[in-house]
Amino acid sequence: MNRIPAALKPTRRNSRRVALATLAALGLLLAFAGAAFAGAIAPESGGSPNADQIASLYKLVLAVAVVVFLGVEGALFYSLFKFRARKGAVAAQIRGNTRLEIAWTLGAAVILVVLAVITFSKLGAIRNPPNSGPNGAQLADGVLVASGPSKRLPPNGRSLNIQVNGQQYIWRFTYPDGDTNDLNNAFSYQEMVVPVDTTVTLEIRAQDVAHSWWIPKLGGKFDAVPGYTNYTWFKIPGRLAGKVFTGQCAEMCGRNHANMTAQVRAVTPQAYEQFISRRKADIKAADAAAQIQRKRLESSGP
Amino acid sequence: MAATTETLARPLPQVVARDVTRERGGWTSWVTTTDHKKIGIMYLVLTFVFFLLGGTEALMMRLQLSQANNTLLDPQTYNELFTMHGTTMIFLFVVPIMAGFGNYLVPLMIGARDMAFPKLNALSFWLLAAGGVVFYASIFFSPPECGWTCYAPLSSKDYLPSGGVDAWIYLIHLTGLSSLVGAVNFYATIANMRAPGMGWGRLPLFVWTILTYSVLLILALPVIAGAVTMLLTDRHFGTHFFEASAGGSPLLWQHLFWFFGHPEVYIMVLPGFGIISEVLPVFSRKPIFGYKAIAAATVVIAFLGLLVWAHHMFATPSPTFVLIFFMLGSFLIAVPTGVKMFNWIATMWRGTVEFRTALLFAAGFLGTFLIGGITGIFLAVFPVDWQLTDTYFVVAHLHYVLVGGAVFAIFAGIYYWFPKITGRMLSEGLGKVSFWLILIGFHVTFLIQHSLGLDGMPRRIYEYADVGHLELYNLISTIGSFILAAGILVTVVNVVRSVRVGVIAGPDPWKANTLEWFTTSPPPVNNFDVVPRVRSVEPMKDIRRQVERQTGHAAAPAPPAPESALQA
Ligand code: HEM
Ligand SMILES: [Cu+2]
Ligand SMILES: [Cu+2]
């Protein structure tokens, strides 16, 4: 037992040094954690509250990680240098120290409890969509309000619900436009157009193999798996109207997986309504043209 | 040596093993052998060849990615390469090389004359070789392109009709059978053939990890065997286990795969932990700190490792409860892993650390694996994982875990046990050059990949546009991979050279702790003529002490090689 204080002696001196280094590193980290370094040491964010919350959760985990990293690497390098074999040095024949071992087991557990608490505190803001803002698209009943997924709607139950369909190697987006038949709805490929300040919910599906929906600045990935529906949301702030957010499929889906890109164009609610009516008109015109074509083929006979 | 001990009044455990009959030489002696040492050597050599193949595939991928929009490789070839690379590294390198170390060392470390079932042991090896041949034969037809995870429905006949996926399935079956037979053999050997006095509390820590490795293999492999069989019948016999349009479920494949796949990670790193637990105390000249805690942590990690598989599926449509369960489970594993880390560092604390190459690799393991463990916590926080999963952050993480946790340990093991296996020392000079190249090359290659992932680069893509810093980061990574490859080559040269011209090692060049150092290097066919009674976890220390006590300090049964020899 009386060996223990001696065993611990170098620790105290060392721990002060480690603590200093930790503080310095934390300072550096906070300086770096600004938006300029998103994409190098933190995930991208800025397009939607859930992406922002994920990034801030990440930074909290990073802060804890840096402390653990410096502490453990510090102890490792300290032992390597301080206790390297020298003439006359004799290795202390210590076989363990139950109290110390229990202490660091508990220490590790406490750190993880802290991380779990932080995660739970952020979970709601990441998982649950908020209401649309006052300047968002007016989601009048029957026009823009989607029947919506049964789960994950904003508190007021209103969101712009877009269906996202992954297929080798392109994304298809179906917009609600009042027509209850999905097949008649406005749609687009590769580029999704959405109104700002509006809560957009996504229903993500796949048609052939699994894909994964990912626009980094608008939040995390959600796999599109055949036979399943996945849900997520984003809400682009009003000041970002006109901005385009890019991303790409994140689940290996075949040879051209690398080329399965997607973008989300944020526009004002007025521009969005124009976009939808233009798409509707285009589709009607194309349908009419097809009808005429079919009639002509049918009348000319086989 | 025999001369010194003959003068003693009481008989002493001593190195008197001699070949009774001349060993047969030539290649037939290898093909027909059931000797655990020869089988172990064949395992080590064959798996290392696969390591070099997998490494070559990796370098080809890194060349393709060194520039944005590169056209060196076409998408099909790139997909084939990462599938071959991942599958090779896991099924043909890390898992079986641990069986190779286990084969060679377990009987020696527990004082047995062979494995419990020598013929089954040979079968294990040849099944592994067959798996490798079947898989690599597909390069003459069309290799699989679905990654080492072969997710359904991409792996179904509709999307990948060629035989590559089938070759992959047969590889899983053959290497799986090989590992299962081997695992049963290890278990039986360790349970029944320990030297007198070697209770569970005196089992060397490497043997503890091989025991745990075996149990994990026995639990996890039947699940993947079932899953790939279902995939095979889906592909060829009209079943629809994984086909959503016919009532099957692609997520079922993911659950079955990862139920095996996560324990597989521990199957790969636990024996590495065991190697580290042997190397650190020897070169710190101190007993391992907290033997019981380390052995217990091994078992706890294995148990928890069976309960965290769906942390690979955080982005799939799964209930929040499931996400939380697997997040907390993954957190929990960090505790026993942290305990091991602290115990290893405490083993060096107040020791006298000798910077042999084996110790350098062990220290490299500690510093590197720590980073993989920490990034694992990021990935376990599922909202954070939504940003990180399937990006280069994960590629970085998995290489920090597998190269940091397994490959560094394997190299430590090679430098530590090479003298026992061949009777000759590896060159320390080349060893150190190799270590520094590998350490620097590794971190240059993979540290920057965390940023690649955070900057938006998904994994498994054959090309990328020059946006953000992607091109710069990728170029750095590619340069690092060639430094790393150079480091590996230096060790290959070292091994090939030292087998012939290395300094003669003697039975116990490191003054080590465990029984394999009690016999000659290389050991004779029967390992030991006399199996000593084991009185502690460090039987060789006891034996050395006993000899010193009875003969004065003049003669130890295992004189260390002269200092100059070690510097060669
Ligand atoms: C020798 C240095 C190594 C280099 C340069 C390297 C490089 C790479 C590269 C470029 C990829 C493909 C990333 C992608 O396109 O997504 C990859 C994937 C992978 N590597 Fe390595 N690697 C090395 C060693 C290892 C080792 C030793 C292991 C295992 C023990 C390993 C296991 C894997 C696995 C499992 C994958 C994933 C394959 C997949 O996506 O299906 N690698 N590696
Ligand atoms: Cu894809
Ligand atoms: Cu896992």
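Order of the sequence lines fixes the chain letters, A, B, ..., with proteins taken first and strands second; residue numbering starts at 1 for each chain.
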Do you know which of A:Ile118, A:Asn256, A:Leu123 has the most heavy-atom pairs under 4.5 Å to chain B?
-> A:Leu123
Heavy-atom proximity to chain A below 4.5 Å, by part of B:Asn343 | both
Decide yes or no for A:Leu76 and B:Trp344: does some side-chain heavy atom of the first lie under 4.5 Å from some side-chain heavy atom of the second?
-> no
Portion of B:Ser284 that has a non-hydrogen atom of chain A nearer than 4.5 angstrom = backbone
Considering all heavy atoms of both residues, which atom of B:Pro287 and which atom of A:Arg95 are nearest to each other, and what is their separation?
-> CB-NH1, 3.5 Å
Decide yes or no on side chain to side chain contact (heavy atoms under 4.5 Å, CB included) for A:Tyr228 and B:Ser249, but give the supporting numbers first.
-> CA-CA 9 Å; A:Tyr228 293 82; B:Ser249 163; 2.7 Å; yes
Contact class of B:Glu80 relative to chain A, heavy atoms under 4.5 angstrom | neither
Region of B:Ala363 in contact with chain A, defined by heavy-atom distances below 4.5 Å = both
Top contributor to chain A contacts, counting heavy-atom pairs under 4.5 Å, from B:Asp158, B:Thr320, B:Ile288 | B:Thr320
Contacts of B:Asn79 that satisfy side-chain contact (heavy atoms from CB on, under 4.5 Å) - sequence neighbours left out = A:Met252, A:Arg255, B:Phe82, B:Glu145
4.5 Å side-chain heavy-atom contact, B:Val339 and A:Glu101 | no
For A:Ala91 and B:Gly351 the tightest heavy-atom approach is CB-CA, 3.8 Å
Drop me the distance from B:Arg459's CZ to A:His257's NE2, to the nearest 0.5 angstrom.
-> 9.0 Å
Atom pair CZ/NZ of B:Arg350 and A:Lys82 - distance to nearest 0.5 Å | 10.0 Å
Whatever's closer than 4.5 Å to a heavy atom in chain A on B:Leu366 counts as both
Contact part of B:Leu452 toward chain A, heavy-atom cut-off under 4.5 Å: side chain, backbone, both or neither?
-> neither
I would like to know whether A:Phe83 and B:Lys286 meet side chain to side chain contact (heavy atoms under 4.5 Å, CB included); could you show each step before the answer?
-> CA-CA 11 Å; A:Phe83 303 115; B:Lys286 240 186 102 211; over 6 Å; no
How many angstroms lie between atom CD1 of A:Ile54 and atom CG of B:Asp385, to the nearest 0.5 angstrom?
-> 10.0 Å
Using non-hydrogen atoms only, which part of A:Phe77 is less than 4.5 Å away from chain B: side chain, backbone, both, or neither?
-> neither
Return the option, out of A:Gly219, A:Ala224, A:Gly247, with the maximum number of heavy-atom pairs under 4.5 Å with chain B.
-> A:Gly219
Ranked by heavy-atom pairs below 4.5 Å to chain B, first place among A:Ala85, A:Ala65, A:Gly227 goes to A:Ala85
Measure across A:Ala116 and B:Leu328 and return the closest heavy-atom pair with its distance rounded to 0.1 Å.
-> CB-CD2, 4.0 Å
What option among B:Gly338, B:Pro383, B:Ala244, B:Ala334 has the most heavy-atom pairs under 4.5 Å with chain A?
-> B:Pro383
Chain A heavy atoms under 4.5 Å from B:Phe342: which part of the residue, side chain, backbone, both or neither?
-> both
Does any heavy atom of chain A fall under 4.5 Å from the side chain of B:Phe314, the backbone, both, or neither of them?
-> neither
Heavy-atom pairs under 4.5 Å with chain A, option from B:Pro75, B:Gly290, B:Ser451, B:Ala315 with the top count = B:Ala315
Select one option (side chain, backbone, both, neither) describing which atoms of B:Met341 are under 4.5 Å from chain A's heavy atoms.
-> side chain
Within a strict 4.5 Å, meaning less than it, do heavy atoms of the B:Asp390 and A:Trp214 side chains meet?
-> no
Considering only heavy atoms and a distance below 4.5 Å, find which of A:Trp104, A:Trp213, A:Phe222 pairs most often with chain B.
-> A:Trp104
B:Thr352 side chain reached by A:Arg86 side chain, heavy atoms, under 4.5 Å | no
Do A:Gln168 and B:Leu154 have side-chain heavy atoms sitting under 4.5 Å apart?
-> yes
Tell me, please, which residues at least two apart from B:Thr368 pass side-chain contact (heavy atoms from CB on, under 4.5 Å).
-> B:Tyr400, B:Phe408, B:Leu439, B:Phe442, B:His443
Between B:Val467 and chain A, which part of the residue has a heavy atom less than 4.5 Å away: side chain, backbone, both or neither?
-> neither
Which heavy atom of B:Tyr462 sits nearest a heavy atom of A:Asn259, and at what distance?
-> OH-OD1, 3.2 Å
Could you tell me the separation between the CE atom of B:Met327 and the CG atom of A:Leu115, rounded to the nearest 0.5 Å?
-> 9.0 Å
For B:Pro458 and A:Ala250, the nearest pair of non-hydrogen atoms, with its separation, is CB-CA, 4.3 Å
Do you know which of B:Thr391, B:Val537, B:Leu370 has the most heavy-atom pairs under 4.5 Å to chain A?
-> B:Leu370
Go through A:Ala55, A:Ser79, A:Ala108 and name the one with the most non-hydrogen pairs under 4.5 angstrom from chain B.
-> A:Ser79
About how many Å separate CG of A:Leu57 and CZ of B:Phe378, when rounded to the nearest 0.5 Å?
-> 10.0 Å
In terms of heavy-atom pairs under 4.5 Å with chain A, the winner among B:Thr347, B:Ile377, B:Leu251, B:Val381 is B:Leu251
Rounded to the nearest 0.5 Å, what separation is found between the CG atom of B:Leu323 and the OG1 atom of A:Thr119?
-> 12.5 Å
Determine whether A:Phe120 and B:Ile324 make a side-chain contact, defined as any pair of heavy atoms from C-beta on separated by less than 4.5 Å.
-> yes
Fit a plane to each ring of A:Tyr58 and B:Phe393, take the angle between them on a 0 to 90° scale, and name the class: parallel (under 30°), tilted (30 to 60°) or perpendicular (over 60°).
-> perpendicular
Segment of B:Lys541 engaging chain A (4.5 angstrom heavy-atom cut-off) | side chain
Do B:Phe331 and A:Val113 come close enough that some side-chain heavy atom pair is under 4.5 Å?
-> no
Count the heavy atoms belonging to other residues, nucleotides or ligands that lie under 6.0 Å from NE2 of B:His469, then report whether that count exceeds 12.
-> no
Please tell me if the side chains of B:Phe289 and A:Leu100 come closer than 4.5 Å, counting only heavy atoms from C-beta onward.
-> yes
B:Leu359, part contacting chain A, at a heavy-atom distance under 4.5 Å | side chain
Would you check, one step at a time, whether the test side chain to side chain contact (heavy atoms under 4.5 Å, CB included) holds for A:Leu80 with B:Val353?
-> CA-CA 7 Å; A:Leu80 284 172; B:Val353 181; 4.3 Å; yes
Examine whether an atom of B:Tyr473 lies under 4.5 Å from a heavy atom of chain A, and if so say whether it belongs to the side chain, the backbone or both; otherwise answer neither.
-> side chain
Could you pull out the closest heavy-atom pair between B:Thr389 and A:Lys221, with the gap in Å?
-> O-CE, 2.6 Å
Max heavy-atom pair count under 4.5 Å with chain B, selected residue of A:Asp208, A:Thr232, A:Val225, A:Ile126 = A:Asp208
Chain B contact via A:Thr98 - which portion, at a heavy-atom distance below 4.5 Å = neither
Side chain from CB out, backbone as N, CA, C, O: work out which of these in B:Ser245 comes under 4.5 Å of a heavy atom of chain A, or both, or neither.
-> neither
